[in-house]
Each structure stands twice: as C-alpha cells, then as structure tokens.
Amino acid sequence: MENQLANIVRPLLRWYAENARTLPWRDEPTPYRVWVSEIMLQQTRVEAVKPYFERFTAELPDIAALAGAPEEQLLKLWEGLGYYSRVRNLQKAARAVMENFGGVLPKTPEELLRLPGIGEYTAGAIASIAYGQPAPAVDGNVLRVIARVTADRSNISETAVKREFAGRLREIYPKEQAGAFTQSLMELGATVCLPNAEPKCGECPLSPLCAAHAQGTERELPVKSAKKERKIEERTVFLILHDGKAALQKRPKKGLLAGLWEFPNVLGKLSPQESEKWLKTLGVSAEKFEPFAPSKHIFSHIEWHMTNYLVTAAAVSKTAPFLWAGHRELAETYAIPAAFGQCLASFQHMQTP
DNA sequence: AATGCGGGGCA
DNA sequence: TGCCCAGCATT
C-alpha cells in the first residue's frame, strides 16, 4: 500500500518557505551551530534557547573552542537552561570530534549517534539540516503532527511507535530539501498543530488531508502514557555571610544539578535550634540568625519546599567545606541553579560593604 | 521499558 | 495547577 504521508511533503514545504520563523541558528546553519542549537533545544522551547545560543556561540565559536573550554565557563553559559548533562556531553563529543574526525562533525546518522548527547532525533536533525541528508528527525512536534494527520491512536510514548513513524517518514523524505522538510514538520507542530491549546487548523496547510481534522479528533491526539507523580522534598537552605561574601558548595559530579554550585543546604525542615547545631558541625558559629521567605522549586520529578535562613557568621572554621563568593563572582563565575533563586536574589540585593 | 534529569510558559 | 517542550543516558 502506498504511503499516505507522501501527500504532505509538497504543501508542507511550500508553507514552510513562506512561514519559517527567523531564528538565530537559521542565519548561518553551519554544522557546529546546528549541533549546538539542537542540543539546547532538547526538551526546551525556542524562546528560552535564543539568548543562550547567541551567548554560547559568541564565546565558543567553533568545535575547537568548545573542546578547550573550562568546565566552569561551560556551566555558566548553560546556567538556568537545565538538563546540565547536555553541556558536559556536548564538550565530550567536541573532544571526540577533534580526536577522531579531525575537528569536523561527521555527516551520517550512524556516526553522529555514537557521540555523547546525540540520540535518534538529534542525529537525524543534524544530518538533514546541516548536511542535507534525507534522515528523519522525530521529536515531540513530529509525533503530534503525524499522529493527527494519520489519526493514529498508537501510544507515542513507546519506542516502537517512534521508530514506526520514523520509518514511514524515511520513505517520503524529499532528497533535495531534507533540511527544510525536517524543519517544516517541527515548525508546523510548534506554531500551528499545537498541543494543549486549540490547534490552528484554519491556518494549517495539511488540514485538507488531516484524518484527525476530518474526524474532529485533533484534541484527543496524540495518545501518550500518563506521567509519574512528583515527590515532595523538604530542604533547609542557608545564606551564610562572612566578610561580605556568601558561602557556596559544589554539588556532586553525578545526579541532580551535577557540578553546579549551591548555597549550603540539608534535607529536612530544620528548626532554628537544629539549624544552629547543624552549622556548628560545619564550623560556622552564627552571630545573627533569621529565617526569611520560604520558597518552592519544581523540577520535573521532584518538588523542593525550602526553608531559608540568613546567617551572619561570627567565626568560620578554616575546615568549613565552603567557597566564599562575592557579588561579582556569583554574577560572573559560578553557575547557580534556579532552585536557589530566592537565596541568590537576597544576597544580590544586599549592599556591598 | 522505566526512570532520572531543569526550567519556564501557558491554558 | 498540570502539561509540554526540536530527548538522552542509564538501568
């Protein structure tokens, strides 16, 4: 049987030629810039990525610069963007490209797939957008568009379904306009064939051949499995001041917010008494000690409920496991996750002595 | 196949 | 408030 999807190629390409947004990585789509943009765009909206992309590529304009960058600089450039393993893997991959490919990003999906941080989607995206190869790139947008156009009630959370969609797309990829086709599918999903909100079928170039639109089932598609519930974690966080500087500590190399800097904190909701005791064990004797506004931060899988204390340290043991950072270092050098925004803002609003 | 991993915008 | 976002690595 003929592939029903063949009919979407021409209208989609025509629509894209007229409706493509102007985006920073589309101006000069070198393999490096396409690669960086695709990593930043993983599970992240275009609007959030734009300023990060500009700054990142200005400071690290090529693969060699990325390969040689200090970790602290990398994390600072990624600060607030989330999923920090992306930038570590990006650099690992850059080093591998310098070592094994003479500094040139490989062209085939198979070679790209072997680089850290590049999976099925990103390999296809780079191969098609940067190198014009007819490789499908199936992200959340594409799954939604295809599920609706074909009125497919398969569960798109399943790997097998993603592969099935990729297979159907591979058969119809236009060889001369692979990059435009990849982007047209995602662009349609991002701007017209919307999730949650009402899809703008009136503006859609595919509505005449969309099976879901014909049935009126756009809002029911795509089908995906339910998400796991978040667990709540109580934490107590300390903004410890000494000589006009704030105490920071580095998070472990693995796990949540790996390698970023944080204000000292501990699991549980500690009372003022328990807090002073806990600080003593770290070599901090508090001169002034006052609670300030509690805060909340929601990760995808955990929710932190934070009790915050402002501590002015009278004396600090040399063995205290902290780094002392002034306003300038906090702004320019150390990457602090958004979860600590409350503490960070309190410190930044203080007068420098 | 399931789980861990950020952060923000929007209905 | 819940959902989703140009997903990947690990188990």
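By convention in this document, chain letters (A, B, ...) are assigned in the order of the sequence lines, proteins followed by strands, and residues within each chain are numbered from 1. Because the structure is predicted, anything quoted here is derived from the model rather than measured.
Within the structure, every side-chain polar atom (N or O) of His301(A) is placed at least 4.0 Å from both OP1 and OP2 of dG4(B).
With the nearest nucleotide of DNA chain C identified for both Lys227(A) and Thr122(A), Lys227(A) has the one nearer the 5' end. Taking for each of Lys254(A) and Tyr121(A) the nucleotide of DNA chain C with the nearest heavy atom, the 5'-most of the two is the partner of Tyr121(A).
Non-hydrogen atoms lying under 4.0 Å from DNA chain C are contributed by Arg144(A), all within residues 143-178 of chain A. The stretch residues 44-82 of chain A touches DNA chain C through Arg45(A), Val46(A), each having a heavy atom within less than 4.0 Å of the strand.
Taking CG from Leu185(A) and CD1 from Ile8(A), the interatomic distance works out to 5.0 Å, rounded to the nearest 0.5 Å.
Within the structure, ring-ring contact (aromatic ring centres under 6.0 Å, His included) contacts touching residues 113-138 of chain A (residues at least two apart or in different chains) do not occur. Residue pairs meeting the salt bridge (charged side-chain N to carboxylate O under 4.0 Å, His left out) criterion with at least one member in residues 218-230 of chain A, sequence neighbours excluded: Arg153(A)-Glu220(A), Glu198(A)-Arg219(A), Arg230(A)-Glu303(A). Listed by first and then second residue, the salt bridge (charged side-chain N to carboxylate O under 4.0 Å, His left out) pairs involving residues 177-190 of chain A are Arg21(A)-Glu187(A), Arg26(A)-Glu187(A) (not counting sequence neighbours). Residue pairs meeting the ring-ring contact (aromatic ring centres under 6.0 Å, His included) criterion with at least one partner in residues 8-38 of chain A, sequence neighbours excluded, are Trp25(A)-Phe53(A). Residue pairs meeting the salt bridge (charged side-chain N to carboxylate O under 4.0 Å, His left out) criterion with at least one member in residues 88-105 of chain A, sequence neighbours excluded: Glu71(A)-Arg88(A). Listed by first and then second residue, the salt bridge (charged side-chain N to carboxylate O under 4.0 Å, His left out) pairs involving residues 155-165 of chain A are Glu164(A)-Arg168(A) (not counting sequence neighbours).
Distance, Glu303(A) CD to dG7(B) P: 14 Å, rounded to whole Å. We find that CE of Met40(A) is positioned 15 Å from P of dG7(B), with the value rounded to whole Å. When the P atom of dC10(B) is taken as reference, atom CD of Glu198(A) falls 18 Å away, rounded to whole Å. Between Gln43(A) atom CD and dG9(B) atom C1' the separation is 15 Å, expressed in whole Å. Remark: P of dG6(B) and CD1 of Ile302(A) are 9 Å apart, rounded to the nearest angstrom. Nucleotide dC5(B) holds its P atom 17 Å from the CD atom of Gln42(A), rounded to whole Å. In this entry the distance linking CZ of Arg86(A) with P of dG4(B) reads 19 Å, nearest Å.
For the pair Arg114(A) and Glu111(A), the salt-bridge criterion is not met [side-chain N within less than 4.0 Å of a carboxylate O]. Salt bridge annotation for Lys277(A)-Glu274(A): absent, with no cationic side-chain nitrogen under 4.0 angstrom from a carboxylate oxygen.
Taking the P atom of each, dA11(B) and dA6(C) are spaced 15 Å apart, rounded to whole Å. Here the separation of dG6(B) from dT10(C), taken at their P atoms, is 14 Å to the nearest Å.
Remark: Glu287(A) pairs with no residue by the side chain to side chain donor-acceptor pair (under 3.5 Å) rule, at least two apart or across chains. Taking Thr122(A) as the reference, Gln42(A) meet the side chain to side chain donor-acceptor pair (under 3.5 Å) condition, with sequence neighbours excluded. Under the salt bridge (charged side-chain N to carboxylate O under 4.0 Å, His left out) criterion, Glu234(A) pairs with no residue, sequence neighbours left out.
Gly255(A) comes within 4.0 angstrom of the backbone, heavy atoms only, and of no base. Contacts of Ala125(A) with the nucleic acid, taken as non-hydrogen atoms under 4.0 Å apart, are absent. Here Arg219(A) lies out of heavy-atom contact (under 4.0 Å) with every strand. Base engagement by Leu23(A) is indicated by at least one non-hydrogen atom pair under 4.0 Å involving a base atom. Within 4.0 Å (heavy atoms only), Arg251(A) reaches no atom of the nucleic acid at all. Within the nucleic acid shown, Trp25(A) comes within 4.0 Å of at least one base atom, counting heavy atoms only.
Nucleotides of DNA chain C lying under 4.0 Å from heavy atoms of chain A occupy a range whose first and last members, 5' to 3', are dC3(C) to dA9(C).
Using a 30° and 60° split on the angle between ring planes, Trp304(A) and Phe299(A) fall in the perpendicular class, above 60°.
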